[in-house]
Amino acid sequence: MTNVATKTDKKPQTAISPTRAENFPEWYQEVIKAAELAENSPVRGCMIIKPYGYALWENIQKQLDDRIKAVGVENAYFPLLIPLSFISREAEHIDGFAKECAVVTHHRLEKNSEGKLVPAPDAELEEPFVIRPTSETIIGDAMARWTQSYRDLPLLLNQWCNVMRWEMRTRLFLRTSEFLWQEGHNAFETADEAEADARKMLDVYNDLYVNALALSGFCGEKTADERFPGAIRTYTIEIMMQDGKALQACTSHNLGQTFAKSCDIKFQGRDGREQLAWTTSWGLSTRSIGGLIMSHGDDDGLIMPPRVAPVQIIILPIMKEKNPALLEHADHLKRNLQALGIRAKVDTSDDRAPDKMWRAIKRGIPIRVEIGERELAEGKLTFTRRDLGRESKTTCSENEFLESAQNTLDAIHEELLNRSRTRAKEMIKNVTSLAELKDIYQSNFSGFVKAPIAVLDDPDYQTIKKEYSLSARCIPFEDEGATVLIGKSY
RNA sequence: CGGAGUGUAGCGCAGCCUGGUAGCGCAUCUGCUUUGGGAGCAGAGGGCCGGGGGUUCGAAUCCCUCCACUCCGACCA
């Protein structure tokens, strides 16, 4: 293989403006726009996920769904609307979600005296429904009916659905009023089983993040004030974004008997006595896409991790005018790649070559293949890795490419994962006291601080936390409870 | 919900201070020339200037009032 990349003195232009360094939040929005992942909708706080973005979500779903099923969980579906009385059953739960619930109060519209469509006054529901912000209560209600004996346990359920939380401030993928997710709900006979399950599901998520999304995060436990309303323990993966902020990438909760109590999930045990079940819940949402963008993207836009990329290899025929032989050749290469299990596509548009290239770059397609008319004659092609950029431009024979394509995709995955790992390491500072922590954030540090767990009890902690808009991200497993990771977050 | 800002062509913006009836760039369409890192020339189409009310002979521009969105906080996946 020969490297044909040309070196130029002038600074290469970036596809995304502003750059990450200039304005990270705006860069983020621009990347989404440029990659055509999603856009804001006419509905406040709700996004339209465009075909390319939805294809990405479907791949994440597929990868996670397989893993969930592999540990014995079954998919089911529960209603979007939850009776208000269900939500009110759990006091802590209400405190957590009441402020952000959308409520359905009527079942019919009619025209008023001004000819405007309004909810019909005589069509008011006896009991309002809440659009699910999460489904613990309605699934718990079903579990109560499905669980009579210890032989009915464990009960392992998952649903893929949308939920709604009326957020004050929204951002595409990271925080939207409506979002897509999976929520798993498991019930067990013993406390130990539930605890082990909450940990196990976090491992499942971590496997997804590391091996499918090429993201390395910190697995750990949430502190008491960051816990899910109603949980006795919440586990999380916190991922370092390029601007040093944390993204809570998923959560897994040990709910103890909280919901068993309020939903009445009882069973007759091995000893013949009636007892309450122990439950867990665990979720991962479209927010993972936000994490992927903010971790892997660069100033030219998105970089798709190969294993969830909707298109893994894009083939660009480079031609002066429509060249049927070249198009046929490109299509043939595509079919050969597909036969290897690779998601390949030919850009058949009649756009100019540079436009095709930039579109592929902005969409983050892992490998871009260019075939020109000279190369067609020689049986060669040129490919470029998205993660390494134009310097990686390589010309080789088509056979060489076919043989190495899967390896190259794996290499891109490893490269992205390494970057994520390295960033997590480099952007953490260890401190021994709260005073030291304060000094660091005072000097405009962006990243996490790892502090002794005792700082949480320091009387000044709450003040400093507020002053620098910090929060305890998690108590990382790696230090077995001795430390806490603190940082800014999304 | 507090603070700041922005709503003008599909997108990005100027015009507003100092009222006179709509402009630029990109995109789109047509034609010709180009084509291995974002093409050039010529022409064309496209606007209830966020909504409502007021002042005025006349409002994108001034005043009042809603509404929406973005950013920074608080709340949160």
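Order of the sequence lines sets the chain letters (A, B, ...), proteins ahead of strands, with each chain counted from 1.
One atom, CZ of Phe383(A), and another, P of rG37(B), lie 18 Å apart when rounded to the nearest Å. Residue Asp350(A) contributes atom CG, which lies 17 Å from atom P of rU34(B) at whole-angstrom precision. Summarising the geometry, the separation between CG on Asp351(A) and P on rG36(B) is reported as 14 Å, rounded to the nearest angstrom. Separating the CG atom of Asp347(A) from the P atom of rG36(B) is a distance of 15 Å, rounded to the nearest angstrom. Residue Lys380(A) contributes atom NZ, which lies 15 Å from atom C1' of rG36(B) at whole-angstrom precision. In this structure, the CD1 atom of Ile32(A) is 17 Å from the C1' atom of rC11(B), given to the nearest Å. Summarising the geometry, the separation between NZ on Lys465(A) and C1' on rA74(B) is reported as 12 Å, rounded to the nearest angstrom. For the pair Arg390(A) CZ and rG38(B) P, the interatomic distance rounds to 9 Å; values are reported in whole Å.
Atom name C1', nucleotides rG45(B) and rA9(B): the rounded distance is 11 Å, in whole Å. rC32(B) and rG37(B): their P atoms are spaced 25 Å apart (whole Å). Spacing of P atoms, rU21(B) relative to rA4(B), comes out at 35 Å, to the nearest Å. Across rG7(B) and rG15(B), the matching P atoms stand 10 Å from one another, rounded to whole Å. rC57(B) and rA42(B) have their P atoms separated by 46 Å, with the value rounded to a whole Å. The gap from the P atom of rU61(B) to that of rC16(B) amounts to 12 Å, rounded to the nearest Å. rG47(B) and rC41(B) have their C1' atoms separated by 28 Å, with the value rounded to a whole Å. Comparing the P positions of rC13(B) and rC71(B) gives a spacing of 14 Å, expressed to the nearest Å.
Summarising the base pairing, rU6(B) is matched to rA68(B) through a Watson-Crick or G-U wobble pair whose two defining distances lie under 3.5 Å. Look at rG46(B): it lacks any Watson-Crick or wobble partner with both distances under 3.5 angstrom. Searching all strands for a Watson-Crick or G-U wobble partner of rG73(B) with both distances below 3.5 Å returns rC1(B). Across all strands shown, nothing is found opposite rU34(B) as a Watson-Crick or G-U wobble partner with both distances under 3.5 Å. If you check rA22(B) for Watson-Crick or wobble pairing at under 3.5 angstrom, you find it has no partner at all. Using Watson-Crick or G-U wobble geometry with both donor-acceptor distances under 3.5 Å, rC17(B) finds no partner in any strand shown. Across all strands shown, rU56(B) remains unpaired; no Watson-Crick or G-U wobble contact has both distances below 3.5 Å. Nucleotide rA27(B): unpaired (no Watson-Crick or G-U wobble partner with both distances less than 3.5 Å).
Contacts of Thr286(A) with the nucleic acid, taken as non-hydrogen atoms under 4.0 Å apart, are absent. Note on Ser285(A): a base of the nucleic acid sits closer than 4.0 angstrom, heavy atoms only. Among the atoms of the strands shown, none is found under 4.0 Å from any heavy atom of Gly283(A). No contact: Glu26(A) has no heavy atom under 4.0 Å from any strand. The residue Lys362(A) sits close to a base: some heavy atom pair falls under 4.0 Å. In this structure, Glu226(A) reaches neither bases nor backbone, as no heavy-atom distance under 4.0 Å exists between it and the strands shown. Contacts of Leu247(A) with the nucleic acid, taken as non-hydrogen atoms under 4.0 Å apart, are absent. Within 4.0 Å (heavy atoms only), Phe179(A) reaches at least one base atom of the nucleic acid.
Counting heavy atoms from C-beta outward, Trp181(A) and Asn162(A) have side chains that stay 4.5 Å or more apart.
With rG36(B), rG38(B), rA74(B) as the choices, the nucleotide that has an atom nearest any side-chain atom of Arg374(A) turns out to be rG36(B). Out of rG37(B), rC71(B), rU34(B), the shortest distance to the side chain of Trp358(A) is found at rG37(B). Listed candidates were rG38(B), rU34(B), rC71(B). Nearest to the side chain of Pro354(A) is rG38(B). Taking every side-chain heavy atom of Thr382(A) into account, rG36(B) is the closest of rG36(B), rG12(B), rG37(B). Of the candidates rG37(B), rG38(B), rU34(B), rG38(B) carries the atom nearest the Ala15(A) side chain, counting heavy atoms from C-beta on. With distances taken from any side-chain atom of Asn40(A) to the nucleotides rC71(B), rU35(B), rC69(B), the minimum falls on rC69(B). With rG37(B), rG36(B), rG73(B) as the choices, the nucleotide that has an atom nearest any side-chain atom of Ser469(A) turns out to be rG73(B).
Side-chain contact annotation: Ser281(A) with His185(A), donor-acceptor N/O pair under 3.5 Å absent. Under the 3.5 Å distance criterion, with hydrogens and angles disregarded, no donor-acceptor pair is assigned to the side chains of Thr176(A) and Glu178(A). Counting only N and O atoms by type, the side chains of Ser349(A) and Asp347(A) include a donor and acceptor under 3.5 Å apart. For Ser177(A) and Glu167(A), the side-chain atoms include no donor-acceptor pair closer than 3.5 Å.
A donor-acceptor pair under 3.5 Å links the side-chain atoms of Thr394(A) to the main chain of Ser392(A), judged by distance alone.
Of the residues near RNA chain B, Thr176(A) and Thr170(A), the one whose nearest nucleotide (by heavy atom distance) lies more toward the 5' end is Thr170(A). Each of Phe97(A) and Ile16(A) lies near RNA chain B, and the nucleotide nearest Ile16(A) is the one positioned closer to the 5' end.
The 12-atom threshold is exceeded at CG of Asp225(A), counting heavy atoms of other residues, nucleotides or ligands nearer than 6.0 Å.
Taking the six-membered ring for Trp and the full ring otherwise, the centers of Phe477(A) and Tyr235(A) sit less than 6.0 Å from each other.
Between Asp243(A) and Arg20(A), none of the side-chain N atoms (NZ, or NE/NH1/NH2) sits under 4.0 Å from a carboxylate O, so this pair counts as no salt bridge.
Evaluation of atom-type donor-acceptor distances gives a pair under 3.5 Å for the side chain of Arg368(A) against the base of rG37(B).
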